[in-house]
Amino acid sequence: EILLVKIEKRKYWVHDDWYCRYITIKTPQGEYKEFPCYRWIADDKEIELRDGKARLPRDDQTQIVKQHRRRELEQRQKSYRWKEWHPGFPLSIDANFHKDLPRDIQFDTEKGVDFVLNYSKAMENLYLNRFMYMFQTSWSDFADFEQIFVRISNTISDYVMQHWQEDFMFGYQFLNGCN
């Protein structure tokens, strides 16, 4: 049984990074196994990947897989640090600038442009008095929130507003981030 796949990359040019979504292999029995990656591979680097089946730590049978899980957890703890932005608020990722984030979670240029355009459109469409009133008073329900963004409309925001209470949307936003 194939437990892990190792990818090795050597640096040959100044900017020769590449993005790997997944590796698909064909076993001698003719079955296909997928090993998800979804990260940038830069410089001289080795990456070990597990197959795409979700497993709990107690389901790890071999020492190799247990060690891989431990190393992956340690690496993520180094990469994703948290800081307190302000007392009483949820923690935020410990980065002051976009470039300080791990490359795998940085927004691409297209998403950055989308943020700027949506922000500009929001500021253009909001009535300053209503905006200030809504943030200076308590909200009684989600409809109060909708009043602020009633004039911001695109396919994604409309879909999220319709399905925000459903489990699949919570799972999607938890796994992928709210943005």
Side-chain angles (χ1 to χ4, degrees), residues 5-23 35-50 52 54 68-136 139 142 144-161 163-164 168-179:
V5 170
K6 183 187 287 187
I7 302 171
E8 295 182 23
K9 182 200 171 294
R10 300 292 173 237
K11 185 175 182 171
Y12 294 107
W13 307 105
V14 176
H15 297 289
D16 64 346
D17 303 349
W18 50 280
Y19 185 80
C20 178
R21 288 188 188 148
Y22 55 84
I23 303 292
F35 293 80
C37 184
Y38 296 101
R39 62 184 109 165
W40 283 95
I41 302 175
D43 302 324
D44 291 332
K45 196 172 192 179
E46 290 183 359
I47 295 177
E48 291 181 343
L49 305 172
R50 294 174 63 139
H68 176 265
R69 184 183 294 269
R70 183 184 45 75
R71 285 191 309 268
E72 187 176 52
L73 179 61
E74 288 170 357
Q75 179 58 40
R76 288 185 183 194
Q77 287 172 335
K78 288 178 189 174
S79 297
Y80 302 102
R81 297 171 316 277
W82 298 97
K83 68 177 179 181
E84 184 176 51
W85 175 72
H86 189 69
F89 281 82
L91 296 177
S92 62
I93 196 157
D94 189 11
N96 293 320
F97 301 101
H98 177 262
K99 64 178 175 42
D100 297 338
L101 296 170
R103 187 166 181 196
D104 296 327
I105 64 167
Q106 291 180 13
F107 289 121
D108 59 16
T109 305
E110 182 179 326
K111 188 67 173 178
V113 169
D114 188 44
F115 278 137
V116 170
L117 292 176
N118 280 336
Y119 174 78
S120 299
K121 188 174 180 181
M123 291 298 110
E124 176 184 312
N125 289 328
L126 290 174
Y127 300 108
L128 187 57
N129 290 338
R130 186 166 78 175
F131 182 74
M132 292 302 292
Y133 173 76
M134 290 299 294
F135 281 101
Q136 291 174 349
W139 297 353
F142 196 71
D144 290 343
F145 179 78
E146 288 176 321
Q147 286 179 4
I148 294 174
F149 297 101
V150 70
R151 299 186 68 187
I152 301 172
S153 181
N154 62 41
T155 308
I156 296 170
S157 64
D158 291 344
Y159 184 82
V160 171
M161 292 298 275
H163 299 283
W164 71 275
F168 81 93
M169 183 56 68
F170 173 80
Y172 175 82
Q173 290 189 351
F174 180 78
L175 292 172
N176 296 294
C178 293
N179 296 323

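Atoms considered below: every heavy atom in the structure, side chains included; atoms not considered: hydrogens, waters and symmetry mates.
- Between Tyr159 and Phe168, the shortest heavy-atom distance links the atoms OH-CZ, 3.4 Å.
- Residues Asn96 and Lys83 form a side-chain contact, since some pair of their non-hydrogen atoms from C-beta on lies under 4.5 Å apart.
- The heavy-atom pair separating Gln77 from Arg81 by the smallest distance is O-CG, 3.9 Å.
- Counting non-hydrogen atoms of neighbouring residues, nucleotides and ligands closer than 6.0 angstrom, the CZ atom of Phe170 reaches no more than 12 such neighbours.
- Going from atom CH2 of Trp18 over to atom CH2 of Trp40 covers 11.0 Å, rounded to the nearest 0.5 Å.
- The closest side-chain heavy-atom distance from Cys20 to Arg39 is not below 4.5 Å.
- Salt bridge status for Glu72 with Arg76: present, with a side-chain N to carboxylate O gap under 4.0 Å.
- Rounding to the nearest 0.5 Å gives a distance of 5.0 Å between CD of Glu48 and NZ of Lys6.
- In this structure, CD1 in Ile7 is found 4.0 Å from CD1 in Ile23, a value given to the nearest 0.5 Å.
- Around atom OH of Tyr80, more than 12 heavy atoms belonging to other residues, nucleotides or ligands sit under 6.0 Å away.
- Between atom CZ of residue Arg71 and atom CD of residue Glu74 there is a gap of 9.0 Å, rounded to the nearest 0.5 Å.
- Here CZ of Arg103 is found 11.0 Å from CD1 of Ile41. Values are rounded to the nearest 0.5 Å.
- By the 30° and 60° cut-offs, the orientation of the rings of Trp85 relative to Phe89 is perpendicular.
- Note: Ser79 OG to Leu101 CG = 11.0 Å, rounded to the nearest 0.5 Å.
- Within a 6.0 Å sphere centred on CZ of Arg21, heavy atoms belonging to other residues, nucleotides or ligands number 12 at most.
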